[in-house]
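To start, the structure itself, in structure tokens.
Counting convention: from 1, in listed order, for ligands and their atoms alike. For clarity, every value in this text was computed on a predicted model and none was experimentally measured. Because only heavy atoms are used, hydrogens play no part in the values below, and waters and symmetry mates are left out as well, while side chains stay in.
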Amino acid sequence: MKNKNSIFLIICLGLFSISCSIGVNVNNPAPLVQEVKPVIGNPNDVKANPGFFALQPLGYAYDALEPHIDARTMEVHYSKHYLGYTNNLNKAIAELGIQPVSIENLLKNLDMNNMPLRNNAGGYYNHNLFWENLTKSNEAFPKGELAKAIVRDFGSFTAFKTKMAEAGAKQFGSGWAWLVTDADGKLSVGSTPNQDNPLMPGMKISGTPVLALDVWEHAYYLKYQNKRDSYIEAFFNVINWDVVNARYEKALKK
Ligand code: MN
């Protein structure tokens, strides 16, 4: 008799829970549109593997350069591409068992046949400059010694801008456009393929980089697709001329 009651109770509880779960489904249907989690993270959360060179902090939020450079592009660029160059550079250095004096010193004395080191040391250094180059509080024109040197060496700021934009637009495939200075402070503009840069031996453009423009598709494709020209135009709206001028004046003192 006791067993029969227990079985009856279990069946009742079972039926009750089934009806409850049906009720839940009827009254609270699953939302048709899944709630979208924010895709934009925090650059400070990006962590490199332990290694010789540290990630350079971005210094601003991923969306700081909107609408000129979109947040998603900045996030993928910094947290995936740049992180990859940094980790792979450290891996290459560890395999060689070397302890470079600095990234600049490593690049100037680079074995150009060591492709993993060349690509990743370039990728690390070039992006460090690029992040520093950018700001949301852009001023239209450079100041200080750089402003004077641009007029002296290119004729006008507009002439320089056209030359820099052309260098980026005409670089076939992936690469970088550069404003560099020689030891005497004379400026020139040019481009390099892949992750090469003007510090490496035997480049067509040589000197101390002052301004770096990334023209890899990963730098603009999400927002600008094939319109590299539009991205380059937008780049001029987010240049940090204080940093670029400071870099030029520092190069002059050396
Ligand atoms: Mn890049």
Side-chain angles (χ1 to χ4, degrees), residues 39-41 43 46-49 51 53-66 68-92 103-104 106-107 110 115-136 164-165 167-180 189-200 203 205 209-240 243-244 247:
V39 288
I40 303 307
V46 181
K47 302 286 177 232
N49 301 331
F53 287 108
L55 275 183
Q56 178 172 287
L58 185 60
Y60 40 83
Y62 291 132
D63 63 358
L65 309 174
E66 294 264 10
H68 308 291
I69 303 181
D70 63 287
R72 184 69 181 138
T73 294
M74 288 302 291
E75 179 172 46
V76 174
H77 204 171
Y78 184 83
S79 72
K80 303 283 192 265
H81 295 282
Y82 174 60
L83 178 67
Y85 294 123
T86 305
N87 283 336
N88 289 328
L89 167 61
N90 284 331
K91 194 169 162 240
I103 185 64
E104 289 86 355
L106 178 70
L107 291 165
L110 191 65
M115 293 313 289
L117 190 62
R118 177 175 169 178
N119 289 334
N120 293 296
Y124 176 74
Y125 173 85
N126 298 352
H127 287 91
N128 285 354
L129 252 68
F130 187 63
W131 310 137
E132 283 178 359
N133 277 177
L134 304 175
T135 179
K136 64 176 171 183
M164 183 85 186
K170 287 181 180 170
Q171 168 58 43
F172 183 75
S174 299
W176 291 74
W178 301 96
L179 173 65
V180 305
V189 158
S191 69
T192 54
N194 304 313
Q195 295 295 355
D196 288 353
N197 67 48
L199 292 177
M200 293 178 179
M203 292 286 113
I205 179 156
V210 175
L211 175 65
L213 166 58
D214 190 343
V215 294
W216 280 60
E217 282 189 345
H218 69 221
Y220 63 87
Y221 203 84
L222 291 180
K223 183 176 171 76
Y224 294 99
Q225 288 82 51
N226 60 320
K227 299 182 205 80
R228 189 190 279 188
D229 289 357
S230 305
Y231 156 72
I232 292 173
E233 186 61 33
F235 167 77
F236 280 92
N237 293 323
V238 286
I239 296 176
N240 190 335
V243 165
V244 178
R247 203 180 284 141

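If you look at the Mn ion (ligand 1), the protein N, O or S atoms less than 2.8 Å from it are H77 NE2, H127 NE2, D214 OD2, H218 NE2.
Evaluation of the ring pair (Phe, Tyr, Trp, His ring centres under 6.0 Å) rule for F235 yields no partner, not counting sequence neighbours. Qualifying ring pair (Phe, Tyr, Trp, His ring centres under 6.0 Å) partners for Y125, counting only residues two or more places apart in sequence or in other chains: none. Under the ring pair (Phe, Tyr, Trp, His ring centres under 6.0 Å) criterion, Y224 pairs with no residue, sequence neighbours left out.
One finds the CG atom of L213 at 11.0 Å from the CG atom of N126 (value rounded to the nearest 0.5 Å).
Between N128 and Y82, the side chains place a donor N or O and an acceptor N or O closer than 3.5 Å (distance only, hydrogens not considered).
In this structure, the side chain of Q195 does not engage the main chain of R118 through any donor-acceptor pair within 3.5 Å.
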